[in-house]
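Note that the numbering runs from 1 along the sequence shown for the chain. This is a predicted model, so every value here is computed, not measured.
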Amino acid sequence: VLVSRIAYLVEHHHIPPYAILSVTFTNKAASEMKVRLEKILGAERIRYMWSCTFHSACLRILRNFFMQAGLKKDFVVIDTSDQLRIVKRALAELGLSDQKQVKPKEYLNAISSCKEAGLRPQQIDSQVKLYRFAEVYSLYQSSCDQDGQVDFSEILLRCVELLRAHEEVRAYLHDKFKQILVDEFQDTNEIQYDFVKLLAGNDNNVFVVGDEDQCIYSWRGANYKNISNFTKDFDMRLRHWLTIDGVTPISAAKSFCSLYFSSTKAKRRSTESIGITPNKMHNRNNVNCERLQKLANCDFGLEIYEIAI
């Protein structure tokens, strides 16, 4: 959907690719998006377009504005093993490393969860049950700052703090990115949602794709309610669910993929897996096509090529 939307913006609305920020969750998905856009628009046209993950986008911003973010110019991103080493050192400084009930990995997981919720050590409340956790978190972060180290969760939190604290940085990025697109929006957590809000401001175009029934990252702070919150926090121009009587949106999407893009064998396997016979599938897709045509011609005045499934 995002690829079709970006191609449409560039080709029909003449939006320069460098003014587009397209965000997804995995490096693989971001790379695939770039390959597909290159085929449609050409490699040179999308050369300066930001099509990346949340972390890559935030890291790139921090590299450009490291001074305002309170970071060293040559700061490094550390991995889990480095993080664990710093946590163990913090526990040792507090005299907790010899206690059997103290597990460094639990402290590290809690630190990451707090950062993904946008919480610093001074904001920790009684919900975190780990012994002297706020002190461990504080020592951990002080060590990272002193050594010019940034962990994975810090990338997002530090970038959001940068945007909140420095109006000139926020204004620069707001002016740069006129179109912001986010895939798998149901998997965004609080800090990622805040990042999109801060970057968009009050007048930029934000386009998100998501399904609250497919939230798979709740264990790391993803909040499917961000989809409903989106309708409150952003000026909604158009929202549409493609549904068929008696068929869920997921089944409808599978039916379309099976009908138009799969081989006969794959089609049979797909229809069996969702409990739709080929004849019923064709009938239901005919109904869906009619609704799409109505959507295009009547309801919103769109052309059929402006709709992506």
[X] atom [atom1]: more than 12 heavy-atom contacts under 6.0 Å:
{"X": "E168", "atom1": "CD", "result": "yes"}
{"X": "D98", "atom1": "CG", "result": "no"}
{"X": "Q146", "atom1": "CD", "result": "no"}
{"X": "F207", "atom1": "CZ", "result": "yes"}
{"X": "K197", "atom1": "NZ", "result": "yes"}

Quick check: closest heavy atoms across [X] and [Y], and the distance to 0.1 Å?
{"X": "E38", "Y": "A43", "result": "CG-CA, 3.8 Å"}
{"X": "P104", "Y": "V87", "result": "O-CG1, 3.6 Å"}
{"X": "L199", "Y": "H174", "result": "O-ND1, 3.5 Å"}
{"X": "A90", "Y": "V136", "result": "CB-O, 4.0 Å"}
{"X": "D74", "Y": "R63", "result": "C-NH1, 4.3 Å"}
{"X": "S22", "Y": "L2", "result": "OG-CD2, 3.6 Å"}

Identify whether the distance between the nearest side-chain nitrogen and carboxylate oxygen of K72 and D145 falls below 4.0 Å.
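Salt bridge between K72 and D145, a charged N being under 4.0 Å from a carboxylate O: no.
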### Task
Answer yes or no: is there an ion pair linking R47 with E44, defined by an N-O contact shorter than 4.0 Å?
yes
Test V10 against every option in R5, Q179, R45 by the side-chain contact (heavy atoms from CB on, under 4.5 Å) rule and name the one that passes.
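It is R45; the other options fail the test.
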Taking [X] for the side chain and [Y] for the main chain, is one N or O donor matched with an acceptor at less than 3.5 Å?
{"X": "S143", "Y": "L139", "result": "no"}
{"X": "S138", "Y": "A134", "result": "no"}
{"X": "S56", "Y": "C52", "result": "no"}
{"X": "Q123", "Y": "R120", "result": "yes"}

Note to self: Is the shortest side-chain heavy-atom distance between Q149 and E154 below 4.5 Å?
What the structure shows: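 No, side chains not in contact.
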### Message
Just by distance, no angles: are the side chains of D79 and S81 close enough, under 3.5 Å, to form a donor-acceptor pair?
### Response
yes
Say you draw a straight line from CE of M49 to CG of L41; how long is it, rounded to the nearest 0.5 Å?
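Nearest 0.5 Å value for the CE-CG distance: 8.0 Å.
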Point to revise | Pi-cation contact, F75 with R158 (under 6.0 Å, within 45°) | key: no
Q. Who pairs with R60 by salt bridge (charged side-chain N to carboxylate O under 4.0 Å, His left out), at least two apart in sequence or on another chain?
A.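 R60 satisfies salt bridge (charged side-chain N to carboxylate O under 4.0 Å, His left out) with no residue once adjacent residues are dropped.
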Notebook entry, point to check: Which ring pair (Phe, Tyr, Trp, His ring centres under 6.0 Å) pairs, counting each pair once, include a residue from residues 90-134, with sequence neighbours left out?
Noted result: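 Applying ring pair (Phe, Tyr, Trp, His ring centres under 6.0 Å) to every pair that reaches into residues 90-134, excluding sequence neighbours, yields F133-Y137.
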Trace of the side chain to side chain donor-acceptor pair (under 3.5 Å) decision for K115 with Q141: CA-CA 11 Å; K115 288 188 177 186; Q141 192 57 49; 2.7 Å; yes
